[in-house]
A.B. asks: 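Dumping the structure here so I can ask a few things about it.
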Amino acid sequence: SSSLQIDPKYLTWFQKLAKKINKDPNMILTGVLTEQQLFEYAKASDLMIMPYRLHMSASGPLTIAQSTATPVFFSDKLQPIAKSIDFKSALHNANLSTTDVFYHNSTDLQKKLGSVLTNPTHLKAHSRFIKTLGTLRTTTKQASEYRELFATKNLSSNNETILARI
């Protein structure tokens with residue numbers, strides 16, 4: 001939109017980043033992708049990196065990773081999602097721990113990437129994790145769990161009205 005103002009510092013930072021990416025033969029700056037293109041890139045990827053700070057920002061890419069069974073590394077800012085029962089179960093099923101899927105900084109990420117991309121056993125474990133998580137996080141299953149959660153709570157009539165509208 002023409003009404004948006006871009007911070008000159010951000011624009012300079014992005015232009016420098018774009019130049020670095022364009023010089024690296026292993027990286028592609030795609031610009032805006034259609035949903036279909038995004039799925040195609042995810043399917044073709046060995047793994048995805050979730051550098052997000054909030055789960056809300058990562059939920060769409062995580063859904064794509066789950067539906068394409070593309071292994072994922074998460075920013076440590078997303079560690080609260082590891083408290084969910086399905087996440088814990090998927091880690092257990094893949095014989096992984098949170099330290100295997102969350103990274104703390106670029107050095108830690110590079111180390112983990114090297115380990116997974118050079119060791120087929122590690123890559124298979126990460127694939128098993130994301131596939132299991134995708135199976136456990138189906139919309140039907142989550143909706144059922146939410147209904148069960150709400151059914152166990154004492155809700156006022158006002159809250160029931162709000163829930164009925166959702």
Side-chain angles (χ1 to χ4, degrees), residues 6-7 9-143 145-146 149:
I6 298 176
D7 183 335
K9 290 179 195 172
Y10 176 73
L11 183 58
T12 301
W13 172 85
F14 183 77
Q15 288 169 336
K16 287 180 183 176
L17 178 63
K19 283 181 184 177
K20 285 182 183 178
I21 290 171
N22 287 331
K23 288 179 184 176
D24 188 330
N26 295 316
M27 296 181 79
I28 301 169
L29 185 59
T30 64
V32 178
L33 298 173
T34 66
E35 191 171 325
Q36 182 60 38
Q37 290 171 318
L38 194 55
F39 276 94
E40 293 303 318
Y41 274 99
K43 281 192 257 181
S45 299
D46 293 320
L47 57 90
M48 292 173 67
I49 299 169
M50 303 283 175
Y52 307 100
R53 295 179 184 157
L54 301 171
H55 182 261
M56 178 184 267
S57 303
S59 63
L62 180 56
T63 300
I64 291 169
Q66 290 168 235
S67 67
T68 59
T70 306
V72 175
F73 279 116
F74 300 93
S75 159
D76 63 353
K77 304 286 189 246
L78 295 175
Q79 281 201 333
I81 67 173
K83 295 177 183 175
S84 69
I85 293 169
D86 56 356
F87 201 96
K88 289 178 185 177
S89 179
L91 283 173
H92 178 75
N93 181 59
N95 200 26
L96 294 172
S97 70
T98 55
T99 57
D100 295 314
V101 296
F102 289 95
Y103 65 91
H104 303 291
N105 54 44
S106 60
T107 303
D108 187 34
L109 177 60
Q110 286 178 342
K111 181 181 172 188
K112 288 177 173 104
L113 284 171
S115 173
V116 168
L117 294 176
T118 59
N119 186 327
T121 304
H122 287 175
L123 186 58
K124 285 179 185 175
H126 282 263
S127 294
R128 195 166 47 254
F129 161 72
I130 199 68
K131 285 177 189 175
T132 302
L133 188 61
T135 301
L136 295 173
R137 288 196 168 188
T138 64
T139 306
T140 304
K141 184 166 178 56
Q142 285 186 320
E145 288 172 0
Y146 279 123
L149 172 69

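Predicted, not measured: the structure shown is a model, and the values here were computed from it.
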A.B. asks: Has Ser45 got a side-chain atom pairing as donor or acceptor with Met48's backbone, closer than 3.5 angstrom?
C.D. replies: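 No, because the side chain of Ser45 does not come within donor-acceptor range (under 3.5 Å) of the backbone of Met48.
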
A.B. asks: With heavy-atom distances below 4.5 Å as the criterion, would you say the side chains of Met50 and Pro61 are in contact?
C.D. replies: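 They are in side-chain contact.
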
A.B. asks: Counting neighbours of CG on Asn119 that are heavy atoms of other residues, nucleotides or ligands and sit closer than 6.0 Å, is the number greater than 12?
C.D. replies: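 More than 12 within 6.0 Å, yes.
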
A.B. asks: Below 4.5 Å, heavy atoms only, C-beta onward: do Thr121 and Lys124 meet side chain to side chain?
C.D. replies: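 No - every pair of side-chain heavy atoms lies 4.5 Å or more apart.
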
A.B. asks: Can you confirm whether Leu17 sits close enough to Ile21 that some side-chain heavy atom of one is under 4.5 Å from a side-chain heavy atom of the other?
C.D. replies: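 Side-chain contact under 4.5 Å: yes.
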
A.B. asks: Is the closest side-chain donor-acceptor distance between Gln66 and Thr63 under 3.5 Å?
C.D. replies: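 Judged by distance alone, the side chains do not pair up.
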
A.B. asks: Going from OG on Ser115 to CD on Gln110, what distance comes out if it is rounded to the nearest 0.5 angstrom?
C.D. replies: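 It is 13.5 Å, given to the nearest 0.5 Å.
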
A.B. asks: Give, for atom NE2 of His122 and atom OG of Ser127, the distance between the pair rounded to the nearest 0.5 Å.
C.D. replies: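 Here the rounded value is 12.5 Å.
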
A.B. asks: Please round to the nearest 0.5 Å and tell me the distance separating atom NZ of Lys16 and atom OG1 of Thr12.
C.D. replies: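 So the NZ of Lys16 and the OG1 of Thr12 are separated by 6.5 Å.
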
A.B. asks: Answer yes or no: are there more than 12 heavy-atom neighbours, outside Ile85 itself, under 6.0 Å from its atom CD1?
C.D. replies: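 12 or below, so no.
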
A.B. asks: Tell me the closest heavy-atom pair linking Gln79 and His104, and the distance in Å.
C.D. replies: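 That would be NE2-CE1, 4.4 Å.
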
A.B. asks: I'd like to know if the side chain of Thr118 reaches the main chain of Gly114, judged simply by a donor and an acceptor atom lying under 3.5 Å from each other, with no hydrogens or angles considered.
C.D. replies: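 Judged by distance alone, yes, a pair lies under 3.5 Å.
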
A.B. asks: Mind running salt bridge (Lys or Arg N to Asp or Glu O under 4.0 Å) on Lys112 and Asp108 for me, showing each step along the way?
C.D. replies: CA-CA 6 Å; Lys112 288 177 173 104; Asp108 187 34; 3.3 Å; yes

A.B. asks: Nearest 0.5 Å please: distance from the OG1 atom of Thr98 over to the CZ atom of Phe74.
C.D. replies: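 If we round to the nearest 0.5 Å, Thr98:OG1 and Phe74:CZ are 11.5 Å apart.
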
A.B. asks: Within the 4.5 Å heavy-atom criterion, are Val116 and Phe73 side-chain neighbours or not?
C.D. replies: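 Counting from C-beta outward, Val116 and Phe73 do come under 4.5 Å.
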
A.B. asks: Taking all non-hydrogen atoms of both residues, which atom of Ala90 and which atom of Leu136 are closest, and how far apart?
C.D. replies: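 In this case the closest contact between Ala90 and Leu136 is N-CD1, 4.1 Å.
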
A.B. asks: Less than 4.5 Å apart, any side-chain heavy atom of Arg128 and any of Asn93?
C.D. replies: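 Side-chain contact under 4.5 Å: yes.
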
A.B. asks: Do Ser84 and Arg137 get their side chains close enough for a donor-acceptor pair, meaning under 3.5 Å?
C.D. replies: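 Their side chains do contain a donor-acceptor pair, which is all the 3.5 Å distance test asks for.
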
A.B. asks: When you compare the side chain of Asp86 with that of Thr132, does any pair of heavy atoms fall below 4.5 Å?
C.D. replies: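 Not touching, per the 4.5 Å side-chain cut-off.
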
A.B. asks: For Ala125 versus Leu96, what's the shortest heavy-atom pair and its separation?
C.D. replies: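 Distance-wise, the nearest heavy atoms are O-CD1, 3.6 Å.
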
A.B. asks: What's the separation between atom CG in Leu123 and atom CG in Leu47, rounded to the nearest 0.5 Å?
C.D. replies: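 So the CG of Leu123 and the CG of Leu47 are separated by 7.0 Å.
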
A.B. asks: Phe102 versus Ile81: any side-chain heavy-atom pair under 4.5 Å?
C.D. replies: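 They are in side-chain contact.
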
A.B. asks: What closest approach, in Å, do Asp46 and Pro71 show between heavy atoms, and which atom pair accounts for it?
C.D. replies: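 Between these two residues, the closest heavy atoms are O-CD, 3.3 Å.
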
A.B. asks: What distance separates Glu35 CD from Phe39 CZ, expressed to the nearest 0.5 Å?
C.D. replies: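 One gets 5.5 Å once the value is rounded to the nearest 0.5 Å.
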
A.B. asks: Under a 3.5 Å distance rule, please check whether Asn22 uses its side chain to pair with a backbone N or O of Ala18 as donor and acceptor.
C.D. replies: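 Checked: pair present.
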
A.B. asks: Tell me which one of Leu91, Val72, Ile130 satisfies side chain to side chain contact (heavy atoms under 4.5 Å, CB included) with Val101.
C.D. replies: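 The single option meeting the side chain to side chain contact (heavy atoms under 4.5 Å, CB included) with Val101 is Leu91.
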
A.B. asks: Is any side-chain heavy atom of Tyr103 less than 4.5 Å from a side-chain heavy atom of Leu113?
C.D. replies: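 No, every pair of side-chain atoms sits at 4.5 Å or beyond.
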
A.B. asks: Under 6.0 Å from the NE2 atom of His92, do we count more than 12 heavy atoms belonging to anything else shown?
C.D. replies: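 Incorrect, the count does not exceed 12.
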
